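Keep in mind that what you see is a predicted model, and the values were worked out from it rather than measured.
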Amino acid sequence: MITGKMFRDGIISASNNIANSRQSVDALNVFPVPDGDTGTNMSMTIGAAAKEMAVLPDDCTLEEASSRCASALLRGARGNSGVILSLIFRGFSKTFKGSVEADGKTVARAFSEGVDAAYKAVMKPTEGTILTVIRKAAEAAEEMADTVNDPMEVCFAALVAAKEALAETPEQLPVLKKAGVVDAGGQGLVLILQGFESVFDHEAIVQPLEGSKVETVSQPDKSAVAGASGDIKFGYCSEFLIEKAENAKEKDPVKLRAFLESIGDCVVVVDDNEIIKVHVHSNQPGTVIQSALKYGQLINIKIDNMRYQHRNANVGVKEGEIPVLPKAEPINDYGFVAVCAGEGLTELFKDIGTDIVVSGGQTMNPSTDDILGAIMATPAKTVFVLPNNKNIIMAAEQAIPLAEGRDVRVLRTKTIPQGISAMLMFDESSDADFNQMSMMEAAENVSTAQITFAARDSEIDGRPVKQGEIMGLCDGKIRYVGKDITDIAFKSADRLIRKKQGSIVTLIYGEDANEEMAQELSDRLKEKYDEEPDISIVNGGQPIYYFIISVE
């Protein structure tokens, strides 16, 4: 039988196993554009569950372990591969509901539930991917369970079938065969199943390798955990700066230190010319503030409840790992959350009405929990979410059922220009359904060129692409490869202007380009098109992309 402890240890082992190999999984991505790589996304996703598992006791039930695992995976899901992985384990959790342990037939049903959940979430399932690998594994598990009710035999059959399905992925996807690699998501899933096998067959958790950046997880002593919060004598950590006032009631910081030491500990009072830096642990943060105000005005105030932080740490949440935004009451009718990277783009989205901007994009896929936090921090009843990247859409959609008290509308924007156009089309006088439709129509009417570099050697339409070469993507397809950034940007913009007969062009330059390059690009386009179309230049400050070009 498979117990909760075995499942718990299996998740930890699986997390370590894929973390150890995530760079090799990343390298399987055949598309040369730098992105949120599959191995990294899957590793970070299951790593969220491993932290949750690390605090479960040995006597946990299978229901408890699988349920908490599914919840952590859902919130920690990053990228499409991470979301699919979370859905597979959601199916497991659904099957194991009410179970202390599981036999072979139950395990086989869990695999089938996982397959159903994953396939239902993908609009156009592609064979030769992680979906094929998990489906073949589930079919083998069901076949084995028909004759043998041993869960170990069922799991072993699933693993063997998964390996065989992975080896066949190049025959199903020509792009894989041409590159001589297997599917990255499928490889990640096999590594995860192998992590479980190490626990189930050998009673050994795969250990993290040095440099894998995965913390060694071990079961904490339950008595220590239970009593730790009670050992915190002073529960509030207060930190701030005092800007000294000439007419202050008190002048001597030594007197302040003495008072703070009488009501708390860990006291630091540093007198630095016009500023006094204060740090103290106490049970009376209000009294701390009142005493400090006698010396001048306070700036950079930070007060943390250490008992609350400790309690959260004991259920797998590490302070500071995910920025926590304060929940807002849904006062307004509409609100907006956008995902982007770069100070200029952040300011642009805020200027056109976005309430919360989540930092992320290529190579930085935010988790479902990051997006959910932004939704709940938006003071609106209906919240429109603009992922602005095709690899973030699924993670955003997983936040919809989690956002209690909010009507969440995820607009499937795949690029920054699509997100901007959607925002500009919003009509406050119209209802949510009409806005959702009209905003997506506006997004789909925009063409996008993206100028970036090749992250790896590859081949595009029979032409070799070398790592570091400049690439021009037009609506997601690599059209131009060369060595000159401005030249590739010109060719890409020119192609879209001719194709769309565009009259409005926006050149958004990134952190590795500059205004002079953007002006040169603008001048070349104006020279060719005789002052048409209308061209604007924006400092987006985005990483990865030298230029993001919008044509409409």
K.L.:
Has Y119 got a side-chain atom pairing as donor or acceptor with G114's backbone, closer than 3.5 angstrom?
P.N.:
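A pair under 3.5 Å: no.
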K.L.:
G39 and D26: which non-hydrogen atoms are nearest, and at how many Å?
P.N.:
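G39 and D26 have their closest heavy atoms at N-OD1, 2.8 Å.
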K.L.:
Around M423, counting heavy atoms of other residues, nucleotides and ligands shown, do more than 12 lie under 6.0 Å from its CE?
P.N.:
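Above 12, so yes.
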K.L.:
At their closest point, which heavy atom of T3 faces which heavy atom of L62, and how far apart are they?
P.N.:
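Closest approach of T3 to L62, heavy atoms only: O-CD1, 3.9 Å.
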K.L.:
Okay, side chain of N391, backbone of G79: is any donor-acceptor separation there less than 3.5 Å?
P.N.:
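Answer holds: no.
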K.L.:
Check this for me: K94, atom NZ, are more than 12 non-hydrogen atoms of other residues, nucleotides or ligands nearer than 6.0 Å?
P.N.:
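Open: at most 12 neighbouring heavy atoms sit under 6.0 Å from NZ of K94.
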K.L.:
Which of parallel (below 30°), tilted (30 to 60°) and perpendicular (above 60°) describes F89 and F7?
P.N.:
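F89 vs F7 ring planes: perpendicular.
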K.L.:
A quick test of your reading: do over 12 heavy atoms of other residues, nucleotides or ligands sit less than 6.0 Å from CE of M425?
P.N.:
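Check fails, neighbour count at 12 or below.
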K.L.:
Before accepting this row, confirm whether a basic side-chain N of the pair R68/E52 lies closer than 4.0 Å to the acidic partner's carboxylate O.
P.N.:
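Salt bridge flag = yes for E52 with R68.
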K.L.:
Could you tell me whether the side chain of N539 and the main chain of G541 form a donor-acceptor pair under 3.5 Å?
P.N.:
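Yes.
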K.L.:
State whether the side chain of R406 and the backbone N or O of V383 hold a donor-acceptor pair below 3.5 Å, judged by distance alone.
P.N.:
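Looks like no, no N/O pair under 3.5 Å.
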K.L.:
Verify whether one side chain among T378 and D355 offers a donor that lies under 3.5 Å from an acceptor in the other.
P.N.:
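Judged by distance alone, the side chains do not pair up.
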K.L.:
Tell me if a side-chain donor or acceptor on S438 pairs with a main-chain N or O of N435 at a distance below 3.5 Å.
P.N.:
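Pair found, side chain donor or acceptor close to backbone of N435.
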K.L.:
Applying side chain to side chain contact (heavy atoms under 4.5 Å, CB included), run through K500 and V446 and close with a yes or a no.
P.N.:
CA-CA 9 Å; K500 294 280 295 185; V446 177; over 6 Å; no
K.L.:
In the structure I gave you, are the side-chain heavy atoms of L473 and T452 within less than 4.5 Å of one another anywhere?
P.N.:
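Heavy-atom side-chain distance check passes, below 4.5 Å.
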K.L.:
For a quick test of reading the model, state the closest non-hydrogen atom pair linking C340 to I416 and the distance between them.
P.N.:
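That closest heavy-atom pairing would be CB-CD1, 3.6 Å.
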K.L.:
Could you go step by step and tell me if F547 and Q450 meet the side chain to side chain contact (heavy atoms under 4.5 Å, CB included) rule?
P.N.:
CA-CA 6 Å; F547 286 101; Q450 297 163 306; over 6 Å; no
K.L.:
Do NZ/NE/NH1/NH2 and the carboxylate oxygens of E113 and R109 come within less than 4.0 Å?
P.N.:
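A salt bridge is absent here (no side-chain N lies under 4.0 Å from a carboxylate O).
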K.L.:
Can any side-chain N or O of D370 pair as donor or acceptor with the backbone N or O of S367 at less than 3.5 Å?
P.N.:
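Side chain of D370 to backbone of S367, a donor-acceptor pair under 3.5 Å: yes, one is there.
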K.L.:
Have E127 and T132 got a donor and an acceptor in their side chains that come within less than 3.5 Å?
P.N.:
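The criterion, which ignores hydrogens and geometry beyond distance, is satisfied for T132 and E127.
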K.L.:
Taking only Lys NZ, Arg NE, NH1 and NH2, and the carboxylate oxygens of Asp or Glu, determine whether D407 and R409 approach each other closer than 4.0 Å.
P.N.:
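R409 and D407: salt-bridged.
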K.L.:
Using every non-hydrogen atom in the two residues, find where A422 and T413 come nearest and quote the distance to one decimal.
P.N.:
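Shortest heavy-atom contact: CB-CG2, 4.4 Å.
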K.L.:
Would you say the side chain of T129 lies within less than 4.5 Å of the side chain of T169, judging by non-hydrogen atoms?
P.N.:
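Of all side-chain heavy-atom pairs linking T129 with T169, none is under 4.5 Å.
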K.L.:
Is a side-chain donor or acceptor of S86 paired with a backbone partner of L74 at a separation under 3.5 angstrom?
P.N.:
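Not a single qualifying donor-acceptor pair exists.
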K.L.:
Can you find a heavy atom in the side chain of I535 that is under 4.5 Å from one in the side chain of L507?
P.N.:
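I535 reaches L507 side chain to side chain.
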K.L.:
Evaluate S81 against N41 for side chain to side chain donor-acceptor pair (under 3.5 Å), listing each step before the verdict.
P.N.:
CA-CA 7 Å; S81 56; N41 280 340; 4.6 Å; no
K.L.:
Go through it in stages, so that I can follow the logic: the residues are F426 and Y334, the test is ring-ring contact (aromatic ring centres under 6.0 Å, His included), and I'd like the CA-CA distance, side-chain angles, deciding distance and then a yes or no.
P.N.:
CA-CA 10 Å; F426 174 74; Y334 298 110; 5.2 Å; yes
K.L.:
Do D9 and K5 have side-chain heavy atoms sitting under 4.5 Å apart?
P.N.:
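With C-beta onward as the side chain, the pair touches.
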K.L.:
What residues form a ring-ring contact (aromatic ring centres under 6.0 Å, His included) with F96, not counting sequence neighbours?
P.N.:
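Partners of F96 by the ring-ring contact (aromatic ring centres under 6.0 Å, His included) criterion come out as none, since no residue qualifies.
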K.L.:
Measure from the side-chain N and O atoms of N365 to the backbone N and O of R78, and report whether any donor-acceptor pair falls under 3.5 Å.
P.N.:
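A pair under 3.5 Å: no.
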K.L.:
Please tell me if the side chains of M471 and I451 come closer than 4.5 Å, counting only heavy atoms from C-beta onward.
P.N.:
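No, too far: nothing below the 4.5 Å cut-off.
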K.L.:
Carefully, step by step, assess S112 and E142 under the rule side chain to side chain donor-acceptor pair (under 3.5 Å).
P.N.:
CA-CA 8 Å; S112 295; E142 290 279 10; 2.6 Å; yes
K.L.:
Taking atom types as modelled, find out whether S550 and T506 have a side-chain donor-acceptor pair closer than 3.5 angstrom.
P.N.:
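There is no such pair (donor and acceptor under 3.5 Å, judged by atom type) between the side chains of S550 and T506.
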K.L.:
Do the charged groups of D116 and K120 touch, with an N to O distance under 4.0 Å?
P.N.:
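No, no charged N to carboxylate O under 4.0 Å.
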K.L.:
Taking all atoms of both residues into account, what is the closest heavy-atom pair of A72 and A49, and its distance?
P.N.:
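Scanning both residues completely, I find the closest heavy atoms to be CB-CA, 3.7 Å.
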K.L.:
Nearest heavy-atom pair of I134 and F111: which atoms, and what distance?
P.N.:
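Residues I134 and F111, closest heavy atoms: CD1-CD2, 3.9 Å.
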K.L.:
Just by distance, do the side chain of R90 and the backbone of L87 share a donor-acceptor pair under 3.5 Å?
P.N.:
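Checked: no pair found.
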K.L.:
Any side-chain heavy-atom pair from V190 and V133 closer than 4.5 angstrom?
P.N.:
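Counting from C-beta outward, V190 and V133 do come under 4.5 Å.
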K.L.:
With a 3.5 Å distance limit and no angle check, can you tell me whether D183 reaches the backbone of G185 through a side-chain donor-acceptor pair?
P.N.:
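Checked: pair present.
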K.L.:
What do the steps show when you test K350 against F336 for side chain to side chain contact (heavy atoms under 4.5 Å, CB included), and what is the final call?
P.N.:
CA-CA 9 Å; K350 288 183 176 179; F336 304 89; over 6 Å; no
K.L.:
How about I46 and I192: do any of their side-chain heavy atoms sit closer than 4.5 Å?
P.N.:
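The answer is yes, as the side chains (C-beta and beyond) meet within the 4.5 Å cut-off.
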K.L.:
Find out whether E64 and T61 are in side-chain contact, i.e. whether some heavy atom of one side chain is under 4.5 Å from a heavy atom of the other.
P.N.:
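Sidechains of T61 and E64: in contact.
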K.L.:
Before giving the answer on side chain to side chain contact (heavy atoms under 4.5 Å, CB included), spell out for T126 and L173 the whole-Å C-alpha distance, their side-chain angles and the decisive distance to 0.1 Å.
P.N.:
CA-CA 9 Å; T126 301; L173 288 176; 3.8 Å; yes
